[in-house]
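Structure, as structure tokens:
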Amino acid sequence: MRLKAYEGRPAAVGGVGKDPVNEPMIRHWCEAMGDTDPAYEGPDAVAPPTMLQAWTMGGLSGHTGRSAAYDELLGLLDTAGYTSVVATDCEQEYLRPLRPGDEITFDSVIESVSERKTTKLGTGYFVTTRTDVRVGGGEPAGTHRFRILKYAPARRRPKSPRARRPRPVVNRDNAGFWEGVGRRRLLIQRCGDCGTLRFPWLPGCGACGSPEWDTVEASGEGSVYSYVVMHHPRFEAFDPPYAVGLIELAEGVRIVSNVVGVPYDKVRIGLPVRLEFARFDNDGDDGDEGGEDGQDGELVLPVFRVQEGGGN
Amino acid sequence: MRTGEELPPLEIPITRTLIVAGAIASRDYQDVHHDAELARQKGSPDIFMNILTTNGLVGRYITDHFGPGAVLRKVAIRLGAPNYPGDTMVLTGAVETVEDGTATVRVVGENGIGRHVSGTVTVTLPVREAADARDARDARDARDARDARDARDARDARDARDVADAGDAGGAS
Ligand SMILES: [Zn+2]
């Protein structure tokens, strides 16, 4: 995603406070905060300085002056699966007291967009904006720097240690496939006689019947050919709802797998995806690396991640 | 008031009411601050306090402490462990600098799961506080002057005694 391009672009232009600074909102704020400072009441009342951002909030009727660039940036992150948001930093400087009757205007700029970061909440991007708040369209009242984390929530997995994914049944006909997966390669069978590619693995060619075969390695590129969202029945090893995709590989064959990187309800037919290998049940969910390893303890499976910018 | 001076802690019970009232007073209608069901769907165990409320509480902690007339100039905070209902946040602070009637105070708010907030507040002290700081300096200067005077007096007295001793000795001779 070309996120850095948004740095320096406006986040809000000519924003206007929904209400002028007023006593009822000040009182409600003070009641909520338990703030009894006499400066915030009476005929000479000023607003608590920490209300600075509150005067710029859109409330239920939405923001005014919000720029296309800011909506675009958030939309891009939403589409890429970073659907959750949490505020992490707030830095305010107060230049002039605000009094009942003051009309608020504001402009915001996107100061920075971070690299992709992994946090306890999940992976995402920090977006920092700076808002200049003015009174009556002119006199500066304060500045407000705000940092949010736009992230894909890390899934909580409260399952018991017994609830592990079912293991694949490996037999003579498909052993080569699972050996390939073990080496992080997705192998497609190719008929030794007519050259037709086939998947899943079978003992003979569906086109000519020949038992001869070799393999080609999948490039990893593909798209969602079809999908289904599983809600029920519930199985302990899985965490519904989740999307099961039928992925059409660039080579033309299809594979059933998980679609990752977007919420289950954002999977769509035609989404470009790319192969990656995911580890499951490696008994290390809580940092415990002890116990069994190898094919019993850990399961490696090919999954497909929605490519950045996919689904636009 | 001096650099390093610690503010008495302020305990704030994190009630569902406080979280919702703070969110609405700051006009923040994000569902994670009032709807537990939707908050859970987004991976949070419950609703949690919004940053504007934390900001307001930090500001209140400082102005409560310094009393009427204290004026906030800057509040810069960073959030960590969320404030969930049923928890208690304890705000503590320490004066970092005092200069020309303006103090910077380092503030930390800990809850049951970790550090909810850390930050720095710049506050103009009320005239009384600023005067107290000046009085404290004047008192220290006065004490220093008195100590110096006492030392001088003691020395003079000793010298006088030495002279007197010498005189006594002379008288006895
Ligand atoms: Zn064939």
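Values below: all heavy atoms of this structure, side chains included; hydrogens, waters and symmetry mates excluded. Letters A, B, ... mirror the listed sequences (proteins, then strands); counts begin at 1.
Remark: the B:T97 side chain and the B:T104 side chain contain an N/O donor-acceptor pair separated by less than 3.5 Å. Looking at A:Y94 and A:Q92, their side chains do bring a donor and an acceptor atom within 3.5 Å of each other. The closest side-chain donor-acceptor pair between B:N50 and B:S26 falls under 3.5 angstrom. A:T105 and A:R134 share no side-chain donor-acceptor pair at under 3.5 Å. Judged by distance alone, the side chains of B:S118 and B:R78 never bring a donor and an acceptor atom under 3.5 Å apart. Judged purely by distance below 3.5 Å, without hydrogens or angles, the side chains of A:Y125 and A:E115 never pair a donor atom with an acceptor atom.
Ranked by heavy-atom pairs shorter than 4.5 Å toward chain A, the options B:V75, B:I24, B:V117, B:T63 are led by B:V75. In terms of heavy-atom pairs under 4.5 angstrom with chain B, the leader among A:G122, A:G34, A:P48, A:C30 is A:G34. Chain A forms the most heavy-atom pairs under 4.5 Å with one residue out of B:V32, B:N55, B:I12, and that residue is B:N55. Note: A:C90 leads A:A39, A:S84, A:P49, A:C90 in heavy-atom pairs under 4.5 Å with chain B. In terms of heavy-atom pairs under 4.5 angstrom with chain B, the leader among A:H28, A:K18, A:E93, A:M33 is A:M33. For the options B:G56, B:G59, B:A21, heavy-atom pairs under 4.5 Å to chain A are most numerous at B:G56.
Using a 4.0 Å cut-off between charged side-chain N and carboxylate O, A:D78 and A:K150 make a salt bridge.
For chain B, no part of A:R145 is nearby; none of its heavy atoms comes within less than 4.5 Å. Using a 4.5 Å cut-off between heavy atoms, B:I51 contacts chain A through its side chain alone, with no backbone atom that close. With a 4.5 angstrom heavy-atom cutoff, A:V85 touches chain B only via side-chain atoms. When heavy atoms are compared at a cutoff of 4.5 Å, B:D28 approaches chain A by way of both its backbone and its side chain. Contact annotation for B:I77: both backbone and side-chain heavy atoms come within less than 4.5 Å of a heavy atom of chain A. Heavy-atom distances place the side chain of A:D37, and not its backbone, under 4.5 Å from chain B.
Taking 4.5 Å as the limit, every side-chain heavy atom of B:L18 sits out of range of all side-chain heavy atoms of B:R16.
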